[in-house]
Amino acid sequence: MTFKSIRGTKDILPSETPRWQYVESVVRTVFHRFNYKEIRTPVFEQTSLFARSIGELTDIVGKEMYTFTDRSDDSLTLKPEGTASVIRAFIQNNLGESQPLVKVYYLSPMFRQERPQAGRLRQFHQFGAEAIGSSFAETDAEVIAMAIEIYRQFSIVNCELKINSVGCEKCRPLYKKTLQTELRKIALQLSPDSQRRIEENPMRVLDSKNENDIRLTASMPLITDHLCEECSSHFEKVKSLLTSFHISYIVDGRLVRGLDYYTKTAFELTSNELGSQDALAGGGRYDLLTQELGGKPTPGIGFAAGIERLMMIIEKKKLLNDLDIHPTIFLAAADTTSRAWTLEKTIALRTQGIAAEADFLNRSLKAQMREADRQNAAFVLVVGAEELNKQTAVLKNLRVKEEREIPLAALAKILTE
RNA sequence: GUGGCCAUAGUUCAGUUGGUUAGAAUGCCAGGUUGUGGCCCUGGAUGUCGUGGGUUCGAGUCCCACUGGCCACCCCA
């Protein structure tokens with residue numbers, strides 16, 4: 001084989017696209033119900049947009065971005081996540097000037113150069129939403145409820161919602177210092193990654209999956225015990241709202257997400273149906289991001305979810321297997337003289353809004369019947385010279401295996417009933 | 001980026017201690033029914049055995065490298 005798709009990229013084939021389209025339509029429906037409107041941003045941006053927003057020291061920026069220089073020597077990057085682009089568009093188009101709260105959603109491919117494995121691709125797809133302009137806990141709860149509602153639409157209700165508060169510019173630096181001094185005491189016993197993070201991003205050390213690290217840091221102070229008054233009451237409000245929405249959650253004081261811009265609420269939705277890459281969706285509040293990117297200080301919160309991972313669960317649970325696109329009628333020609341008529345009629349039916357198909361490969365009647373069956377057509381119309389003379393045809397219902405002779409003039413009417 | 005396993009018809013896979021023209025199932029095509037699908041029967045077509053090198057009289061089989069896939073680490077959607 002001479003040409004192959006790039007490592008970590010996948011073709012979504014005709015056998016799968018009906019399921020994708022259906023999932024996308026459900027996602028859109030829920031977003032619309034929550035009054036979020038779609039935004040479409042370019043797939044690539046200036047590299048510095050991501051470096052600035054996601055954080056220079058994060059794994060995403062440090063080693064996973066698809067970055068290249070174009071012919072004008074500008075450094076561009078295929079977007080590794082959605083929020084940065086949305087906030088850039090929000091600022092650039094002054095979206096905040098026409099209303100205090102902007103609620104948008106997106107469905108888009110994302111790109112990260114990681115080693116592919118189950119549930120992880122280099123080009124993958126996310127849907128996500130951003131509510132820009134509200135600092136209130138009510139919006140945090142709305143966004144979380146919306147994410148959960150999408151999964152509920154697919155009867156996925158056993159996933160786990162983990163939430164945390166990562167503090168703000170007032171309380172987080174103090175906590176970081178406290179944690180850092182504690183971590184330095186045991187630094188040499190920690191994994192190399194964690195040792196590096198003590199200085200770069202100490203909170204990530206607590207989020208390590210290394211068993212030894214977990215044991216050593218078991219009694220470390222948690223951010224949830226060091227929040228300032230404002231962050232603490234915000235967190236309490238989010239939790240009580242979730243409870244009032246009948247959404248169960250577990251507080252995970254060690255949850256730190258891989259993007260530096262989060263403040264206060266951070267959350268993650270995981271599923272045990274997925275294997276090692278078990279995060280279905282993640283998100284959080286980013287009250288400082290808009291000003292960091294040069295806009296007016298505007299609080300915001302959002303989430304993003306992986307479509308392939310949702311798809312994995314849908315496939316595993318054998319949901320949505322009966323979606324398919326099929327012709328209502330297949331026009332089969334019994335002899336060569338009637339073949340031209342079937343083609344003409346097929347085109348005519350299509351213009352009348354009926355999904356029709358015919359044989360364009362000059363096949364035998366038997367082969368045409370097989371084709372109609374393979375295409376899962378509801379009806380077959382068999383016509384030959386004799387029928388055309390009488391202006392009739394044999395209409396066969398493939399589902400109930402019955403056939404009858406009908407006048408050609410009545411065909412469209414019968415099919416649209 | 002690191003590691004383990006893997007790579008043979010369209011697909012899923014078999015292929016003996018290295019030995020002649022590389023198989024099965026399924027799918028595809030055709031016929032059985034010269035105007036009728038699904039089930040059944042009969043027949044047919046299809047492989048650079050991932051790529052490149054090496055060992056050997058001889059390699060799908062052994063060795064090396066590369067590429068790709070799967071899974072895990074890491075990280076995350």
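Predicted, not measured: the structure shown is a model, and the values here were computed from it. Lettering of chains follows the sequences in order, A, B, ..., and the numbering in each one begins at 1. Values reported hereafter were calculated over all heavy atoms of this structure, with side chains retained and with hydrogens, waters and symmetry mates removed.
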Does A:K316 have any salt bridge (charged side-chain N to carboxylate O under 4.0 Å, His left out) partners at least two apart in sequence or in another chain, and if so, which?
-> A:E273
Check whether the ring centres of A:Y36 and A:Y105 lie less than 6.0 Å apart, and answer yes or no.
-> no
Whole-Å gap separating P (B:rC75) and NZ (A:K63) | 7 Å
Salt-bridge criterion met for A:E45 and A:K79 (N-O under 4.0 Å) = no
Would you indicate what A:A281 reaches in the nucleic acid, counting non-hydrogen atoms under 4.0 angstrom: base, sugar-phosphate, or nothing?
-> sugar-phosphate
With sequence neighbours excluded, residues passing ring pair (Phe, Tyr, Trp, His ring centres under 6.0 Å) with A:H234 = none
Where each residue is assigned the nucleotide of RNA chain B containing its nearest heavy atom, which of A:T9 and A:G258 is assigned the position nearer the 5′ end?
-> A:T9
Using whole Å, report how far CG of A:D260 lies from P of B:rC76.
-> 10 Å
Given that both pair distances must be under 3.5 Å and the pair must be Watson-Crick or G-U, what runs of three or more consecutive pairs involve RNA chain B?
-> B:1-7 with B:67-73, B:10-13 with B:23-26, B:28-32 with B:40-44, B:50-54 with B:62-66
note: A:E64, atom CD; B:rG1, atom C1'; distance rounded to Å ~ 11 Å
By side chain to side chain donor-acceptor pair (under 3.5 Å) - contacts of A:H125 (at least two apart) = A:E308
With sequence neighbours excluded, residues passing side chain to side chain donor-acceptor pair (under 3.5 Å) with A:Y106 | none
Its glycosidic angle compared against 90° from 0, B:rG37 adopts the form anti
Looking at every strand, decide which applies to A:R7 at a 4.0 Å heavy-atom threshold: base, sugar-phosphate, or nothing.
-> sugar-phosphate
Residue among A:N164, A:T224, A:T217 satisfying side-chain hydrogen bond (donor to acceptor under 3.5 Å, both in side chains) with A:R254 | A:T217
If the sugar-phosphate is the primed atoms plus P, OP1 and OP2 and the base is the rest, what is the B/S/- string for nucleotides 33-46 of chain B, using protein heavy atoms under 4.0 Å?
-> --BBBB--------
Any N/O donor-acceptor pair, A:R363 side-chain to B:rC29 base, under 3.5 Å = no
Name the nucleic acid region contacted by A:L280, choosing base, sugar-phosphate or nothing; use a 4.0 angstrom heavy-atom cut-off, strictly under.
-> sugar-phosphate
Atom CG of A:D193 to atom C1' of B:rG1: distance rounded to whole Å?
-> 11 Å
Could you give the CG-to-C1' distance, from A:D359 to B:rC29, as a whole number of Å?
-> 14 Å
